[in-house]
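Some notes on the structure that comes next.
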Amino acid sequence: MIDVVLRVMDHQLVGPSGALLGNVDNLVLRQEAEELRIVGVLSGPGGFGPRQPGLLGRWIVAVWKRLSPREEPSPLMVPMSHVRSIGSAITLSDYAERALQDAAGLEQWLRRHVISAIPGATAGDDRLAGTTAGSSTGHDELPPPPADSHLLSALLGAEVVDDTGASLGTVIELRGLAYEQTGLEVGRIRVTGLVFGPRHLGGELGYTTLTDQGPWLLARLFGWWHQSDREATWTDVADVDWHDQRVTLRTRQNWQHPHNNTDPDV
């Protein structure tokens with residue numbers, strides 16, 4: 001089991017050669033066979049912009065599209081079939097390494113000269129440090145996200161309500177299962193549940209699901225702060241309104257507080 005936000009989002013992307021290829025700026029979700037699955041990874045302003053609030057996010061995406069050499073700019077997606085492992089870093093395949101290096105020029109320029117100048121932005125030069133300018137083959141290309149897909153950023157922070165419309169909090173974390181592992185790739189990840197609660201601060205740092213995360217005092221403080229968090233399985237989800245960012249659960253149940261049952265190295 002994987003805590004998706006904690007274990008994948010904002011982690012470093014690396015190639016088999018050790019080349020640093022940017023960070024995970026967003027994840028691509030797709031509903032398949034009545035299940036929600038993580039099908040790809042986004043890196044760059046096209047994935048980072050939608051995570052930012054209001055005008056700031058729209059401005060980042062607009063600048064990226066304006067400067068893109070492509071006629072119809074779309075974020076480049078690394079399919080999960082090219083993700084080799086999930087650990088302290090996200091290791092990609094040789095093909096994904098070459099493709100990201102080929103497409104890295106504009107992404108790096110925007111991060112260095114535009115995004116890093118935004119007060120409070122988390123995509124400064126430190127996220128580019130070590131990015132390797134490998135030899136470009138000109139042949140390796142990554143696909144755009146599927147037309148019927150959604151971004152993880154549209155689900156995080158979404159309001160969670162029960163079948164009567166009563167608010168239960170917002171989405172803090174997703175949990176998933178890597179069900180297609182072959183030994184060479186992680187493959188698509190099936191979303192098995194979501195963690196929700198009235199407070200978001202600290203959730204992305206793992207204090208929601210891990211009992212031994214960080215210094216003892218912080219762990220106790222955030223444990224108290226997130227004592228109202230609950231976890232629902234994905235089968236409890238009756239509907240997801242992606243436009244209005246609302247998740248409706250089927251019935252009010254005795255949902256349990258999330259516990260640590262994740263594997264940090266997939």
Side-chain angles (χ1 to χ4, degrees), residues 1-10 24-32 34-40 42 46-61 75 120 122 145-146 148-177 189-210 221-259 262:
M1 298 295 295
I2 306 168
D3 283 340
V4 175
V5 178
L6 175 65
R7 299 297 185 190
V8 183
M9 287 286 275
D10 294 316
V24 178
D25 288 312
N26 226 317
L27 295 173
V28 180
L29 309 177
R30 193 179 190 189
Q31 290 187 276
E32 301 175 351
E34 299 184 354
E35 295 179 338
L36 186 65
R37 297 172 181 174
I38 299 172
V39 299
L42 298 184
F48 177 77
R51 296 174 58 185
Q52 309 312 305
L55 289 175
L56 174 60
R58 292 194 292 272
W59 179 75
I60 292 173
V61 173
T122 58
D148 58 348
S149 63
H150 305 278
L151 297 182
L152 175 60
S153 57
L155 193 55
L156 290 179
E159 183 184 17
V160 179
V161 300
D162 64 15
D163 55 346
T164 69
S167 180
L168 302 172
T170 60
V171 177
I172 300 172
E173 175 66 276
L174 290 186
R175 284 186 152 170
L177 177 66
I189 296 174
R190 179 190 300 118
V191 175
T192 59
L194 57 84
V195 178
F196 58 91
R199 302 182 178 94
H200 192 274
L201 180 65
E204 68 276 10
L205 300 177
Y207 290 105
T208 294
T209 55
L210 301 180
L221 287 174
F222 277 113
W224 169 82
W225 184 252
H226 284 280
Q227 61 183 324
S228 299
D229 292 352
R230 294 295 180 266
E231 180 177 4
T233 65
W234 192 253
T235 56
D236 292 331
V237 175
D239 180 67
V240 178
D241 187 330
W242 296 96
H243 182 268
D244 292 334
Q245 291 189 285
R246 182 179 296 109
V247 177
T248 302
L249 301 182
R250 298 186 185 281
T251 58
R252 182 179 286 272
Q253 301 182 24
N254 185 26
W255 290 297
Q256 301 297 311
H257 190 278
H259 298 288
T262 61

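Positions are given from 1, in the same order as the sequence printed here. Below, each value reflects all heavy atoms present in this structure, side chains not excepted, and no hydrogens, waters or symmetry copies.
Between L42 and R51 the shortest side-chain heavy-atom distance does not fall below 4.5 Å. For the pair E32 and V39, the minimum side-chain heavy-atom distance is below 4.5 Å. In this structure, R246 and E159 have side chains that are in contact, with non-hydrogen atoms separated by less than 4.5 Å.
Considering CG of L36 and CG of L194, their distance stands at 9.5 Å, rounded to 0.5 Å. Taken from CG in L249 to CG in L168, the straight-line distance is 6.0 Å, to the nearest 0.5 Å. In this structure, M1 CE and R190 CZ are separated by 10.0 Å, a value rounded to the nearest 0.5 Å. To the nearest 0.5 angstrom, T170 atom OG1 is 9.0 Å from L156 atom CG. In this structure, CZ on R7 lies 15.0 Å from CG on L174, to the nearest 0.5 angstrom. Atoms OG1 and CD1, on T192 and I2 in that order, are 9.5 Å from each other to the nearest 0.5 Å.
Judged purely by atom type and a 3.5 angstrom limit, E231 has no side-chain atom pairing as donor or acceptor with the backbone of V195. In terms of modelled atom types and a separation under 3.5 Å, the side chain of E173 and the main chain of L6 share a donor-acceptor contact. A donor-acceptor contact shorter than 3.5 Å links the side chain of N26 to the backbone of S153.
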Handout entry: Test side chain to side chain contact (heavy atoms under 4.5 Å, CB included) applied to D3 and R175, step by step
Key = CA-CA 5 Å; D3 283 340; R175 284 186 152 170; 2.7 Å; yes

Practice task
Walk me through it: do V247 and F196 pass the test side chain to side chain contact (heavy atoms under 4.5 Å, CB included)?
Solution key: CA-CA 10 Å; V247 177; F196 58 91; over 6 Å; no

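Contacts of D239 classified as side-chain contact (heavy atoms from CB on, under 4.5 Å), with partners at least two apart in sequence or in another chain: D241, T248.
Checked against L155 for a side-chain contact (heavy atoms from CB on, under 4.5 Å), the options L27, V4, L29 give a single hit: L29.
Closest approach of G49 and I60 over heavy atoms only: CA-CG2, 3.9 Å. Residues P145 and S149 share a closest heavy-atom pair of CB-OG, 3.6 Å.
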